[in-house]
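One structure is given below, represented as structure tokens, and several questions about it will come after.
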Amino acid sequence: MRRLKILFFSLLCLLQITGIKVSAQPGPPVSATGHIYAEIIPVFSASETAQLNFGRFSPGPQGGKIILTPQSTISVLGSVFKGTGSYNAASFYLSGDADAAYSITLPEAPVILRHISSAKTMTVEDWNSVPAPGTGTAMLRDGAQVVNVGATLNIGTIHDNPVGVYTGSFTITFDFN
């Protein structure tokens with residue numbers, strides 16, 4: 001083995017002295033295959049599952065407010081008399097990519113409710129929700145979540161708001177972050 005090493009070293013020295021170059025021949029080109037991945041996530045969707053319902057009431061001589069929380073609890077202020085029957089917060093069912101963060105944007109301006117047979121109106125304002133509104137404040141646990149929305153109904157006198165049904169609509173925006 002030692003002899004082979006000496007012979008190899010001697011040959012290498014001889015090649016160096018004589019200036020003969022030793023190089024490997026270039027081989028054929030080599031190629032490799034890369035892979036591409038893309039995933040389309042489920043559509044982010046929202047649908048109303050319960051309407052915002054302030055229930056039945058009578059305005060009284062001075063009017064007032066009905067405050068309905070996202071948890072469907074109600075407070076009555078002023079000369080408003082709460083009637084019997086049901087009331088509830090609005091509910092929206094959201095679905096999309098599991099654990100995706102999203103934003104909730106509630107109406108900023110008052111929303112007008114109109115009497116179905118006259119020009120009389122009431123306003124709804126001071127919107128709130130659970131989860132809270134804001135950028136990236138909510139997350140779709142396992143790809144779904146219910147968002148509850150409450151607000152305050154401003155009620156005039158019996159002259160301003162005569163007996164009857166008042167209706168309107170509002171827009172709430174849900175956006176992926």
_If we ignore hydrogens and angles and just use 3.5 Å, is the side chain of Ser79 paired with the main-chain N or O of Gly63 as donor and acceptor?_
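Indeed, once roles are kept as given, a pair shorter than 3.5 Å links the two residues.
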*Dump the intermediate steps for side chain to side chain contact (heavy atoms under 4.5 Å, CB included) on Ser58 and Val80, then the final yes or no.*
CA-CA 6 Å; Ser58 180; Val80 176; over 6 Å; no
*Hey, does Val149 have a side-chain heavy atom less than 4.5 Å from the side chain of Pro70?*
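Counting from C-beta outward, Pro70 and Val149 never come under 4.5 Å.
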*Just checking, is any N or O donor in the side chain of Tyr102 or Gln145 under 3.5 Å from an acceptor N or O on the other one?*
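Gln145 and Tyr102 do have a side-chain donor-acceptor pair below 3.5 Å.
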*Is there a chain of hydrophobic side chains (I, L, V, M, F, W, Y, each step under 4.5 Å between heavy atoms) that links Leu94 to Leu106?*
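They do share one cluster, since a chain of ILVMFWY contacts under 4.5 Å joins Leu94 to Leu106.
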*asked:* Pair Thr171, Thr173 - check side chain to side chain contact (heavy atoms under 4.5 Å, CB included), show working.
replied: CA-CA 6 Å; Thr171 300; Thr173 304; 4.2 Å; yes
*Which distance, rounded to the nearest 0.5 Å, do you find between the CG of Asp160 and the CG of Asn154?*
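Those atoms lie 12.0 Å apart.
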*So, Phe57 versus Phe81, ring centres under 6.0 angstrom or not?*
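Phe57 vs Phe81: aromatic centres not under 6.0 Å.
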*Report yes or no: do Val111 and Ile67 belong to one cluster of Ile/Leu/Val/Met/Phe/Trp/Tyr joined by side chain heavy-atom distances under 4.5 Å?*
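No, because Val111 and Ile67 fall into different hydrophobic clusters, even though each may have its own neighbours under 4.5 Å.
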*asked:* Ignoring hydrogens, what is the shortest heavy-atom contact between Ala89 and Leu52? Give both atom names and the distance.
replied: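 Nearest pair, atom of Ala89 first, then Leu52: CA-CD1, 4.0 Å.
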*Okay, side chain of Ser103, backbone of Gly136: is any donor-acceptor separation there less than 3.5 Å?*
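It does hold such a pair.
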*Starting at CG of Asp175, measure out to OG1 of Thr135 and round the result to the nearest 0.5 Å.*
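If we round to the nearest 0.5 Å, Asp175:CG and Thr135:OG1 are 8.5 Å apart.
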*Gap between atom CG of Asp126 and atom OG1 of Thr152 - 0.5 Å precision*: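 That separation rounds to 4.5 Å.
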_Are more than 12 heavy atoms, taken from residues, nucleotides or ligands other than Gln51, located less than 6.0 Å from that residue's CD atom?_
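Open: at most 12 neighbouring heavy atoms sit under 6.0 Å from CD of Gln51.
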*Checking Asn161 side chain against Thr121 main chain: does a donor-acceptor pair fall under 3.5 Å?*
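Yes, Asn161 side chain to Thr121 backbone: donor-acceptor pair under 3.5 Å.
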_If you compare all heavy atoms of Ala46 against all heavy atoms of Phe174, which two are closest, and at what distance to 0.1 Å?_
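Shortest heavy-atom separation between Ala46 and Phe174 comes out as CB-CD1, 3.6 Å.
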*Work out which heavy atom in Leu68 is nearest to a heavy atom in Asn88; give both atom names and the distance.*
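Reported closest heavy-atom pair: CD2-O, 3.1 Å.
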*asked:* Show the nearest heavy-atom pair for residues Ser91 and Val146, with the distance to one decimal.
replied: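 For Ser91 versus Val146, the nearest heavy atoms are CB-CG1, 4.3 Å.
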*asked:* Hydrophobic clusters here meaning ILVMFWY residues chained together by side-chain heavy-atom distances under 4.5 Å, can you tell me if Trp127 and Ile172 are in one?
replied: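 Result: yes, single cluster for both.
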*asked:* For the aromatic rings, using the six-membered ring if either is Trp, is the centroid distance between Tyr87 and Phe54 under 6.0 Å?
replied: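 No; Phe54 has its ring centre 6.0 Å or more from that of Tyr87.
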_Met122 CE to Tyr166 OH distance, which is reported to the nearest 0.5 Å_ =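 Rounded to the nearest 0.5 Å, the CE-OH separation comes to 5.5 Å.
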*Fit a plane to each ring of Phe170 and Phe92, take the angle between them on a 0 to 90° scale, and name the class: parallel (under 30°), tilted (30 to 60°) or perpendicular (over 60°).*
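Taking Phe92 first and then Phe170, their aromatic rings stand perpendicular (interplane angle over 60°).
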_Restricting to non-hydrogen atoms, name the atom on Pro61 and the atom on Thr157 that form the minimum distance, rounded to 0.1 Å._
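It is O-CG2, 3.2 Å.
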*How about Glu108: does its CD atom have over 12 heavy atoms from other parts shown lying under 6.0 Å from it?*
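No, because the 6.0 Å sphere around CD of Glu108 holds 12 heavy atoms or fewer from other groups.
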*So how far is it from Asn128 CG to Ile104 CD1, rounded to the nearest 0.5 Å?*
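With rounding to 0.5 Å, CG (Asn128) is 11.0 Å from CD1 (Ile104).
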*Evaluate the side-chain proximity of Asn53 to Ser86: yes if any heavy-atom separation is below 4.5 Å, no if none is.*
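A side-chain contact under 4.5 Å exists here.
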_Whether over 12 other heavy atoms sit under 6.0 Å from Asp99 CG_ =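 Above 12, so yes.
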_Could you check whether any side-chain N or O of Lys120 sits under 3.5 Å from a backbone N or O of Arg114, counting only pairs where one atom can act as donor and the other as acceptor?_
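Looks like no, no N/O pair under 3.5 Å.
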_Looking at His115 and Val163, would you say the former's side chain and the latter's main chain have a donor-acceptor pair under 3.5 Å?_
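Side chain of His115 to backbone of Val163, a donor-acceptor pair under 3.5 Å: yes, one is there.
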*Which heavy atom in Lys65 sits nearest to a heavy atom in Ile155, and how many Å separate them?*
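Heavy atoms only, the tightest pair is C-CD1, 4.4 Å.
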_Distance check, rounded to the nearest 0.5 Å: Thr167 atom OG1 versus Leu113 atom CG?_
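Here the interatomic distance stands at 7.0 Å.
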